[in-house]
Undergrad: 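Input: one structure, supplied below.
Order of listing sets the numbers, starting from 1, for every ligand and every atom in it. What you see is a predicted model; the values in this text were computed from it and never measured.
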Amino acid sequence: MAHDLTIAPSILSADFTRLAEAIELVEDAGADFIHVDVMDGHFVPNLTIGPPVVKSIKRVARMPLDVHLMVSDPDRTAQWYVDAGADVVTIHIEAAVHAHRTLRAIRDGGAQAGITLNPGTPASALSEVLPYVDQVLVMSVNPGFAAQSFIESSVAKIAEIARMCREAGVSPRIEVDGGIDPVTAPRVVEAGADMLVAGNAIFGAEDPAEALRGLWRSALSRMV
Ligand code: DX5
Ligand code: ZN
């Protein structure tokens with residue numbers, strides 16, 4: 001079963017002193033989720049925000065919060081983000097020692113569970129946990145920073161994960177994060193993605209609302 005196409009602007013590229021305005025702007029322009037990048041300066045070479053800020057964002061956002069945990073110890077800390085109000089909590093398969101247990105705990109806490117993998121991790125690493133997730137996030141850059149170049153091999157990986165899901169009889173959303181713009185968006189959608197994260201392509205644009213609508217139009221042209 002295919003999902004409707006959804007777009008999740010990443011506020012990593014927004015002005016952190018004016019997050020509420022940035023969120024309102026993209027929500028008015030049709031964003032479906034707000035993508036929140038949590039980085040711990042250890043799993044990735046950058047440091048962003050933690051539970052208190054997620055909690056504040058939750059107070060102002062109308063759309064669900066899609067929280068992407070780029071942290072070394074998601075088994076211990078995922079619950080912090082469920083408690084802070086995240087609607088989806090996505091953990092990295094490379095960082096979770098007990099991925100299955102943590103995914104279940106996220107769901108038990110009332111949030112949706114997501115699993116993600118770095119560009120250097122094969123799709124097969126996800127096979128055991130696919131039945132336990134609401135969303136699979138394919139990283140199309142090495143996580144840590146906005147505005148990096150899309151890694152080409154991500155297209156084949158998305159297609160492979162879509163095939164694995166069909167064979168397993170499951171249908172999580174397939175999300176892509178990193179270097180998504182009006183050129184790469186239709187390509188990943190054609191490969192089977194139905195949820196697009198975009199930071200720089202939206203917040204780096206002169207008119208973020210128009211950039212979001214442009215992304216939407218480009219991607220929708222290939223939605224199967
Ligand atoms: C990268 C983050 C992304 C990032 C995407 O580590 O996980 O969500 O904000 O930014 P763009 O769309 O600029 O590549
Ligand atoms: Zn992200």
Undergrad: Taking 4.0 angstrom as the limit and counting only heavy atoms of His35, give me the atoms of ligand 1 inside it, by number and element.
TA: 8 (O)
Undergrad: Taking only heavy atoms of Met39 into account, list the atoms of ligand 1 that are under 4.0 Å away from them.
TA: 6 (O)
Undergrad: Gln112 side chain to Asp87 main-chain N or O, any donor-acceptor pair under 3.5 Å?
TA: no
Undergrad: Just checking, any donor-acceptor pair under 3.5 angstrom between side chains of Asp37 and Ser10?
TA: yes
Undergrad: Between His3 (side chain only) and Ser171 (backbone N and O only), is there a donor and an acceptor less than 3.5 Å apart?
TA: yes
Undergrad: Closest to the Zn ion (ligand 2), which N/O/S atom of His68 is it?
TA: ND1
Undergrad: Looking only at protein heavy atoms, which one is nearest to atom 12 (O) of ligand 1, and how far off is it?
TA: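 Sorting protein heavy atoms by distance from atom 12 (O) of ligand 1 puts Gly199 N, 2.8 Å first.
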Undergrad: Given Ile91, which partner from the list Leu103, Thr77, Thr116, Asp73 fulfils the side chain to side chain contact (heavy atoms under 4.5 Å, CB included) test?
TA: Leu103
Undergrad: Can you name the atoms of ligand 1, numbered from 1 with element, that are less than 4.0 Å from a heavy atom of Asn200?
TA: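 Those qualifying, in numeric order: 11 (P), 12 (O), 13 (O).
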Undergrad: Is there a polar contact between ligand 1 and Ala147, counting only N or O atoms under 3.5 Å apart?
TA: yes
Undergrad: Are more than 12 heavy atoms from other residues, nucleotides or ligands located less than 6.0 Å from atom NZ of Lys58?
TA: yes
Undergrad: Could you tell me if any non-hydrogen atom of Gly179 lies under 4.0 Å from any atom of ligand 1?
TA: yes
Undergrad: Identify, by atom number and element, the atoms of ligand 1 in contact range of Phe145, meaning under 4.0 Å from any of its heavy atoms.
TA: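 Counting from 1, the qualifying ligand atoms are 1 (C), 6 (O).
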Undergrad: Under a 4.0 Å N-O cut-off, is there an ion pair linking Arg217 with Glu210?
TA: yes
Undergrad: Taking 4.0 angstrom as the limit and counting only heavy atoms of Gly178, give me the atoms of ligand 1 inside it, by number and element.
TA: 14 (O)
Undergrad: Mind checking whether Gly144 has an N or O less than 3.5 Å away from an N or O of ligand 1?
TA: yes
Undergrad: I need the contact type for Asp177 against ligand 1. Using non-hydrogen atoms and a strict under-4.0 Å cut-off, is it side chain, backbone, both or neither?
TA: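 Within the 4.0 Å criterion, Asp177 contacts ligand 1 through side-chain atoms alone.
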Undergrad: What class does the angle between the rings of His35 and His68 fall in, given that below 30° is parallel, 30 to 60° is tilted and above 60° is perpendicular?
TA: tilted
Undergrad: Could you identify the single nearest non-hydrogen protein atom to atom 10 (O) of ligand 1 and state the distance to 0.1 Å?
TA: Ala146 CA, 3.6 Å
Undergrad: For the Zn ion (ligand 2), give me the closest N/O/S atom belonging to Asp177, just the atom name.
TA: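 Going by distance to the Zn ion (ligand 2), the closest N, O or S atom in Asp177 is OD2.
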Undergrad: Considering heavy atoms of the protein only, find what lies nearest to atom 2 (C) of ligand 1 and give residue, atom and distance to 0.1 Å.
TA: Asp37 OD1, 3.5 Å
Undergrad: Is the shortest N/O to N/O distance between Asn142 and ligand 1 below 3.5 Å?
TA: no
Undergrad: Would you say the side chains of Asn118 and Thr121 form a donor-acceptor pair under 3.5 Å?
TA: no
Undergrad: Do His98 and Asp75 pair up side chain to side chain, a donor and an acceptor below 3.5 Å, judged on atom types alone?
TA: no
Undergrad: Between the side chain of Asp134 and the main-chain N/O of Ala113, is any donor-acceptor distance below 3.5 Å?
TA: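 Judged by distance alone, yes, a pair lies under 3.5 Å.
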Undergrad: I need the atoms of ligand 1 closer than 4.0 Å to a non-hydrogen atom of His68, numbered in the order shown.
TA: 7 (O)
Undergrad: Output the list of atoms in ligand 1 that are nearer than 4.0 Å to some heavy atom of Pro143, sorted by atom number.
TA: 6 (O)
Undergrad: Is there at least one pair of N or O atoms, one from Ser13 and one from ligand 1, spaced under 3.5 Å apart?
TA: no
Undergrad: Spell out, yes or no, whether Ile115 and Ile106 are grouped together once hydrophobic residues are joined by side-chain heavy atoms under 4.5 Å, including indirect joins.
TA: yes
Undergrad: Of all the atoms in ligand 1, which lie at a distance below 4.0 Å from a heavy atom belonging to Ala198?
TA: 12 (O)
Undergrad: Look at the side chain of Ser140 and the backbone N and O of Asp177, then say whether any donor-acceptor pair between them is shorter than 3.5 Å.
TA: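 Looks like yes, one N/O pair under 3.5 Å.
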Undergrad: Do any N/O atoms on Ser10 end up under 3.5 angstrom from N/O atoms on ligand 1?
TA: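 N/O-N/O distance below 3.5 Å exists for this pair.
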